[in-house]
**Q** 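Quick one: the structure is below, questions incoming.
No hydrogens, no waters, no symmetry mates; every other heavy atom, side chains included, goes into these values. Letters A, B, ... mirror the listed sequences (proteins, then strands); counts begin at 1.
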2 protein chains.
Amino acid sequence: MESIYEKCPFMTTQRVLQGKWAIVVLYQLSTGTKRFNELEKLMPEVTRAVLTRQLRQLEDDKLINRKVYAEVPPRVEYSLSPLGDKFKKILDEIEIFGLEYINELKITK
Amino acid sequence: MESIYEKCPFMTTQRVLQGKWAIVVLYQLSTGTKRFNELEKLMPEVTRAVLTRQLRQLEDDKLINRKVYAEVPPRVEYSLSPLGDKFKKILDEIEIFGLEYINELKITK
DNA sequence: CAGGATCCCCCTGGATACTG
DNA sequence: CAGTATCCAGGGGGATCCTG
């Protein structure tokens, strides 16, 4: 890890958000705990392998929790960590901005 | 452009934030209009070519304005567009989150 | 059900050299 | 001063196939 990441809150957040599906996954989990295949259904554009990698990445970055139940068939639940919970504020603003952005460009173009 | 980008505010914002230096550039411009070489000095880790590309990308995405003055030596000023201005709210939350993130991981690790 | 293991390919960041 | 023009290498996304 480099020094700029440790000092600058913007670079730090940027690093966490690099994954193409990071924001959407965090959003999905912000509405509640989800199982793996629930996330799959909510995000049909993402393949399994990619979704798994994105989840691992967010887990490594301490934004989400992964809970495995020792059952058959297996059950795995993903949820926001305490740190991930603090990300919700960003998500709220992203949603507002995103909608405005979509609207604005619809008019302009 | 694909349909999911046009509909989902999270995907839309994600696309805009893909560039490695997007957030930092937006932050720098959120504190006021800057010339190209000011940005260079504020972000020494980024090379010229890369910074230029990032600026063009944000310009294409309508988040920043590029104003060229017909002078010698040339002067180019970058600033937030009206749309970019709306991004400030996200930046505020990113800063808060980033600082909390840095703090938390310092303690945990 | 929830993945793991590979492979491939493209895109993007970065380095370097040149310019109106 | 504020870029362009190339080139290169690495990594991440995506597809496909396999598994406890």
**Q** Below the 4.0 Å mark, does D:dT4 have OP1 or OP2 next to a side-chain nitrogen or oxygen of B:R48?
**A** no

**Q** So which of residues 55-68 of chain B are in contact with DNA chain C, with a heavy-atom cut-off of under 4.0 Å?
**A** none

**Q** When rounded to the nearest 0.5 angstrom, what is the spacing between CG in A:L51 and CG in A:L39?
**A**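 These two atoms lie 6.0 Å from each other.
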
**Q** Using atom CG of B:L51 as one end and atom P of D:dG3 as the other, report the distance to the nearest whole Å.
**A** 9 Å

**Q** Identify which one of B:K34, B:R66, B:R35 satisfies the side chain to side chain donor-acceptor pair (under 3.5 Å) criterion when paired with B:Y78.
**A** B:R66

**Q** Quick one: B:E77 CD to D:dC1 C1', roughly how many Å, whole number?
**A** 13 Å

**Q** Ignoring backbone atoms, establish whether A:R53 has a side-chain N or O less than 4.0 Å from OP1 or OP2 of D:dG12.
**A**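 No, A:R53 has no side-chain N/O under 4.0 Å of OP1/OP2 on D:dG12.
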
**Q** Is any side-chain heavy atom of B:Y27 closer than 4.5 Å to a side-chain heavy atom of B:T31?
**A**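 Sidechains of B:T31 and B:Y27: in contact.
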
**Q** Once rounded to the nearest 0.5 Å, what's the spacing between atom CD1 of A:I64 and atom CG of A:L26?
**A**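 Separation between the atoms: 7.5 Å.
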
**Q** Give the rounded distance in Å between these two atoms: CG of A:N37 and C1' of C:dG3.
**A** 12 Å

**Q** Please check the phosphate of D:dG3 (OP1 and OP2 only) for any side-chain N or O of B:Y78 closer than 4.0 Å.
**A**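 Checking B:Y78 against D:dG3: at least one side-chain N or O falls below 4.0 Å of OP1 or OP2.
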
**Q** Can you work out whether A:P74 or A:A49 has the more 5'-proximal nearest nucleotide on DNA chain C?
**A**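 By nearest-heavy-atom nucleotide position, the 5'-most residue is A:P74.
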
**Q** Between C:dG14, D:dG13, C:dA2, which nucleotide has the shortest distance from any of its atoms to the side chain of A:F36?
**A**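 In terms of side-chain proximity for A:F36, the closest of C:dG14, D:dG13, C:dA2 is C:dA2.
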
**Q** Rounded to the Å, how far apart are A:W21 CH2 and D:dG14 C1'?
**A** 10 Å

**Q** Whole angstroms only, please: what is the NZ-P distance between B:K34 and D:dA2?
**A**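 Distance check: B:K34 NZ to D:dA2 P gives 14 Å.
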
**Q** Below 4.5 Å, heavy atoms only, C-beta onward: do B:V24 and A:M11 meet side chain to side chain?
**A**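 In short, these two side chains touch, coming nearer than 4.5 Å.
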
**Q** Between B:R35 (CZ) and D:dA2 (C1'), how many Å, whole number?
**A** 9 Å

**Q** What is the distance, rounded to the nearest whole Å, between atom CD of B:E38 and atom P of D:dG3?
**A**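 Taking CD of B:E38 and P of D:dG3, I get 13 Å after rounding.
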
**Q** How long is the straight-line distance from CZ of A:R53 back to CG of A:D60, given to the nearest 0.5 Å?
**A** 13.0 Å

**Q** Report the distance from atom OG1 of B:T13 to atom CD1 of B:I90, rounding to the nearest 0.5 Å.
**A**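 So the OG1 of B:T13 and the CD1 of B:I90 are separated by 5.0 Å.
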
**Q** D:dG3 C1' sits how many Å from B:R75 CZ, rounded?
**A** 16 Å

**Q** Classify the nucleic acid contact of B:V50 as base, sugar-phosphate or nothing, counting any heavy atom under 4.0 Å across all strands shown.
**A**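 Touches a base.
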
